[in-house]
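A quick write-up on the structure given underneath.
As the structure is a computational prediction, the values presented were derived from the model and not from experiment. Just so we're on the same page: letters track the sequence lines, and every chain starts at 1.
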Number of protein chains: 2
Amino acid sequence: MSETRWLSGPQQRDWRAFVDGSVRLLDVLDQSLKTTHGLSMAEYEILVRLSEAPERKLRMAQLAAEASQSRSRLSHTCARLESKGLVRRETCSSDKRGVFAQLTDEGFHTLERASHDHVTAVRDLFVDVTEPEDLEAIGRAFTAIIKRVDTVR
Amino acid sequence: MSETRWLSGPQQRDWRAFVDGSVRLLDVLDQSLKTTHGLSMAEYEILVRLSEAPERKLRMAQLAAEASQSRSRLSHTCARLESKGLVRRETCSSDKRGVFAQLTDEGFHTLERASHDHVTAVRDLFVDVTEPEDLEAIGRAFTAIIKRVDTVR
DNA sequence: CCGGAATAGTTGAAGCTTCAACTTTGTTCC
DNA sequence: GGAACAAAGTTGAAGCTTCAACTATTCCGG
């Protein structure tokens, strides 16, 4: 076991700012979605991905990948969304192991309402307090991180 | 209710890269800490804050604020850490409502071991795939976000 | 100095996530 | 063609977080 290579002072400050900031930011967005629309951010992400898919439906595995969730978690969450009437599930005819999740009309309208407030909050708390070039840097950096992290998962 | 001001295409890409990337990154770090040292990242953060405090102890409320956790969550988590022998709690003599959490020696040594691997992972998955100027941008941006979010909480 | 409001922290239940085991269906290859 | 293996999802239990209610103590205005 090698000697630990600690982060430099500035690196550590930047890293901690990110961890604290992202935890708090995602927390507030989650609360806000939950209290005003009864959705968690995880549920919201699922509705968004479905709304953008052809016929507003996706296979469970793909939906899980796009929403960065485990399959198990998606199963449970979809069950909840289904019982709220926002999503419907149907088995895939060509591959009988498979299941499609599809956004219902009610789900779509719930998403329309929720996304208005959500985007407003994202602007208020994130975009509007970040310099445009810093926002680009964030996009660049996290795109690379996603690629890196996915090699390890 | 006003018209929704959507994010621009690039803004949306940057925002989504951040959300996906941070979820996946924090996820992997959490798994890794959990499997190799039996600690969640939330627990790890608590140990870190305590280790840096004078006498390695802090009041519960301050610890909660520093670790970006609710008091309730901290109570539960501290109870678990206490039962693992990593933390000890004692009431404050000057304010009998108050409680100090203190890192035990065992907690300190657990942290020493865990932080080695954790920092290595943070380098591998975050620092080393990010351009230095992008890292600075992240630090700057999230420092501002913390300030903004804390006005709303 | 007393009664009401505020602060510190805990608790138990409900809700969500993770984990491991399981069922069903598809794929491979001999 | 069928045995072994892999892939898609689901399930229930255990673990962690959130929520609301609660106790105990301190602060503050009159």
Side-chain angles (χ1 to χ4, degrees), chain A residues 23-24 26-47 57-84 86-102 153, chain B residues 23-24 26-47 57-84 86-102 153:
Chain A
V23 166
R24 292 178 197 208
L26 296 174
D27 232 58
V28 171
L29 292 174
D30 204 61
Q31 307 293 66
S32 153
L33 266 178
K34 203 162 312 177
T35 58
T36 68
H37 298 281
L39 290 173
S40 69
M41 223 172 134
E43 293 173 325
Y44 178 82
E45 291 291 336
I46 288 171
L47 301 187
K57 69 183 190 182
L58 281 175
R59 286 287 295 271
M60 294 297 277
Q62 192 180 349
L63 184 50
E66 292 194 15
S68 306
Q69 297 188 12
S70 71
R71 289 173 183 211
S72 173
R73 180 177 176 185
L74 181 62
S75 270
H76 288 294
T77 306
C78 259
R80 261 176 274 130
L81 288 172
E82 204 167 20
S83 77
K84 291 191 206 174
L86 307 183
V87 160
R88 166 179 43 247
R89 276 184 291 189
E90 57 186 29
T91 66
C92 170
S93 52
S94 64
D95 181 348
K96 283 177 197 148
R97 294 170 305 181
V99 172
F100 279 105
Q102 181 167 36
R153 286 254 61 212
Chain B
V23 166
R24 292 177 197 208
L26 296 175
D27 232 56
V28 171
L29 292 175
D30 203 60
Q31 306 294 65
S32 153
L33 266 178
K34 203 164 313 178
T35 57
T36 68
H37 299 281
L39 290 174
S40 68
M41 224 173 132
E43 293 173 325
Y44 178 82
E45 291 291 337
I46 287 170
L47 301 188
K57 69 183 190 181
L58 281 176
R59 287 287 294 271
M60 294 296 278
Q62 192 180 349
L63 184 50
E66 293 193 16
S68 306
Q69 297 187 13
S70 71
R71 290 173 185 212
S72 172
R73 181 178 176 184
L74 181 62
S75 270
H76 287 294
T77 307
C78 260
R80 260 176 274 130
L81 288 171
E82 204 166 19
S83 77
K84 291 192 209 174
L86 308 183
V87 161
R88 166 179 42 247
R89 277 184 291 189
E90 57 186 27
T91 66
C92 170
S93 51
S94 63
D95 180 348
K96 283 176 198 149
R97 295 169 305 181
V99 171
F100 279 106
Q102 181 168 34
R153 280 262 59 215

Answer yes or no: does a side-chain N or O of [X] lie under 4.0 Å from OP1 or OP2 of [N]?
X     : N      : value
B:Q31 : C:dC19 : yes
B:R80 : D:dC16 : yes
B:R71 : C:dA8  : yes

Roughly, in whole Å, what's the span from [atom1] in [X] to [atom2] in [N]?
X      : N      : atom1 : atom2 : result
B:Q69  : D:dC19 : CD    : C1'   : 16 Å
B:K34  : D:dA14 : NZ    : P     : 17 Å
B:D30  : D:dC16 : CG    : C1'   : 11 Å
B:R59  : C:dG9  : CZ    : C1'   : 9 Å
B:L81  : D:dC16 : CG    : P     : 10 Å
A:K96  : C:dT27 : NZ    : P     : 12 Å
B:F100 : C:dG9  : CZ    : C1'   : 14 Å
B:L74  : C:dT10 : CG    : P     : 8 Å

Margin query: Nearest 0.5 angstrom please: B:E43 CD to B:K84 NZ, how far?
Written below: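 Rounded to the nearest 0.5 Å, the CD-NZ separation comes out at 4.0 Å.
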Margin query: Please classify the nucleic acid contact of B:T77 as base, sugar-phosphate, or nothing, using heavy-atom distances under 4.0 Å.
Written below: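 Sugar-phosphate, backbone atoms only, no base.
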Item checked: Residue B:R73, side-chain heavy atoms: nucleotide from C:dT25, C:dT10, D:dT18 that is nearest ->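 Side chain of B:R73 sits closest to D:dT18.
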Note to self: The side chain of B:S75 is closest to which nucleotide in this list: D:dG9, C:dT10, C:dC16?
What the structure shows: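 The listed nucleotide nearest to B:S75's side chain is C:dT10.
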Nearest non-hydrogen partners of [X] and [Y], listed with the distance:
X     : Y     : result
A:R24 : B:A65 : NH2-O, 3.0 Å
A:L74 : A:A64 : CD2-N, 3.6 Å
A:R59 : A:C92 : NH1-SG, 3.8 Å

Notebook entry, point to check: Per the side-chain contact (heavy atoms from CB on, under 4.5 Å) rule, which among A:L58, A:L39, A:L81 passes with A:I46?
Noted result: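 Result: among A:L58, A:L39, A:L81, A:L81 is the only option passing the side-chain contact (heavy atoms from CB on, under 4.5 Å) with A:I46.
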Check: Closest nucleotide of DNA chain C for A:S70 versus for B:V99: which of these residues is on the 5' side?
Finding: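 Nearest-nucleotide comparison on DNA chain C picks B:V99.
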With hydrogens left out and only the distance checked, is there a donor-acceptor pair under 3.5 Å joining [X]'s side chain and the base of [N]?
X     : N      : answer
A:R97 : C:dT24 : no
A:H76 : D:dG12 : yes
B:S72 : C:dT11 : yes

Checklist line | Nearest-nucleotide 5' precedence on DNA chain D, A:M60 against A:T35 | finding: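 Of the two residues, A:M60 wins.
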